[in-house]
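Below is one structure; the comments refer to it alone.
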Amino acid sequence: QVQLVESGGGLVQAGGSLRLSCAASGSDSMNAMGWYRQASGKQRELVATITAGGSTNYADSVKGRFTISRDNAKNLVNLEMNSLKPEDTAVYYCNAVRIVRGIRYLYWGQGTQVTVSS
């Protein structure tokens, strides 16, 4: 059974930095991993994703401020968040995609709160 366990997050002042980590267990490898976020009263949105080959994709709102990285051997994905803004406040969810025999399996972490004070 695949589980995603997140760590990091918390409260930080605007302009500060935080690091989120997510470890996937129960599977030997994931095709893609990433982070999504959901602010209060809003829909969940993509923050950043990274493939097993290292290709990355970022939301326009975080480009130049956030960096996603992964350790394939450990099934670990990190999100380094710099120059944080109050609008980055949200619950951040780790996401992983595994494709087996053409079937796409999607997994989610439990979420971790990031709060940026002005």
Side-chain angles (χ1 to χ4, degrees):
Q1 184 176 359
V2 175
Q3 284 189 320
L4 302 181
V5 179
E6 298 145 342
S7 60
L11 174 64
V12 66
Q13 288 188 334
S17 300
L18 282 174
R19 179 184 175 94
L20 304 182
S21 294
C22 172
S25 62
S27 173
D28 52 355
S29 64
M30 296 293 178
N31 293 87
M33 299 185 77
W35 293 91
Y36 288 69
R37 67 186 181 187
Q38 187 167 18
S40 180
K42 294 187 177 181
Q43 290 187 330
R44 192 173 296 189
E45 63 177 6
L46 178 146
V47 176
T49 60
I50 184 168
T51 67
S55 296
T56 58
N57 181 44
Y58 294 92
D60 288 342
S61 59
V62 306
K63 283 181 181 176
R65 300 188 297 122
F66 290 12
T67 302
I68 190 170
S69 61
R70 67 184 286 177
D71 183 333
N72 290 333
K74 297 180 180 178
N75 255 351
L76 184 70
V77 63
N78 299 309
L79 185 69
E80 196 73 40
M81 304 184 292
N82 299 313
S83 302
L84 283 161
K85 304 175 181 179
E87 50 264 44
D88 294 318
T89 295
V91 178
Y92 284 69
Y93 295 91
C94 179
N95 165 270
V97 177
R98 184 167 168 251
I99 301 173
V100 180
R101 299 187 188 91
I103 300 175
R104 187 171 180 265
Y105 297 89
L106 191 63
Y107 305 99
W108 292 96
Q110 78 282 3
T112 185
Q113 178 71 46
V114 171
T115 303
V116 184
S117 63
S118 57

Show the nearest heavy-atom pair for residues C22 and W35, with the distance to one decimal.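 That would be CB-CZ2, 3.6 Å.
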What's the shortest heavy-atom distance between L79 and A48, and which atoms?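 Result for this residue pair: CD1-CB, 4.3 Å.
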Between I99 and Y105, is the side chain to side chain contact (heavy atoms under 4.5 Å, CB included) condition met? List the steps. CA-CA 6 Å; I99 301 173; Y105 297 89; over 6 Å; no
Who are the side chain to side chain donor-acceptor pair (under 3.5 Å) partners of K63, not counting sequence neighbours?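 Here the qualifying residues are D60.
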Looking at side-chain heavy atoms only, is the closest gap between [X] and [Y] below 4.5 Å?
X	Y	value
R98	R104	no
V77	I50	yes
M33	T49	no
S61	R37	yes
M81	L20	yes
F66	I68	no
V12	T115	no
Q110	E6	yes

Report the relative orientation of the aromatic rings in Y36 and W108; use parallel for angles under 30°, tilted for 30 to 60°, perpendicular for over 60°.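 Geometry flag for W108 against Y36: perpendicular rings.
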Spacing of [X] atom [atom1] and [Y] atom [atom2] [to the nearest 0.5 Å]:
X	Y	atom1	atom2	result
N78	T67	CG	OG1	11.0 Å
Q3	S25	CD	OG	5.0 Å
R70	S21	CZ	OG	13.5 Å
L76	M30	CG	CE	12.0 Å
L84	S17	CG	OG	6.0 Å

Show your working on side-chain hydrogen bond (donor to acceptor under 3.5 Å, both in side chains) between T89 and E87 and close with a plain yes or no. CA-CA 5 Å; T89 295; E87 50 264 44; over 6 Å; no
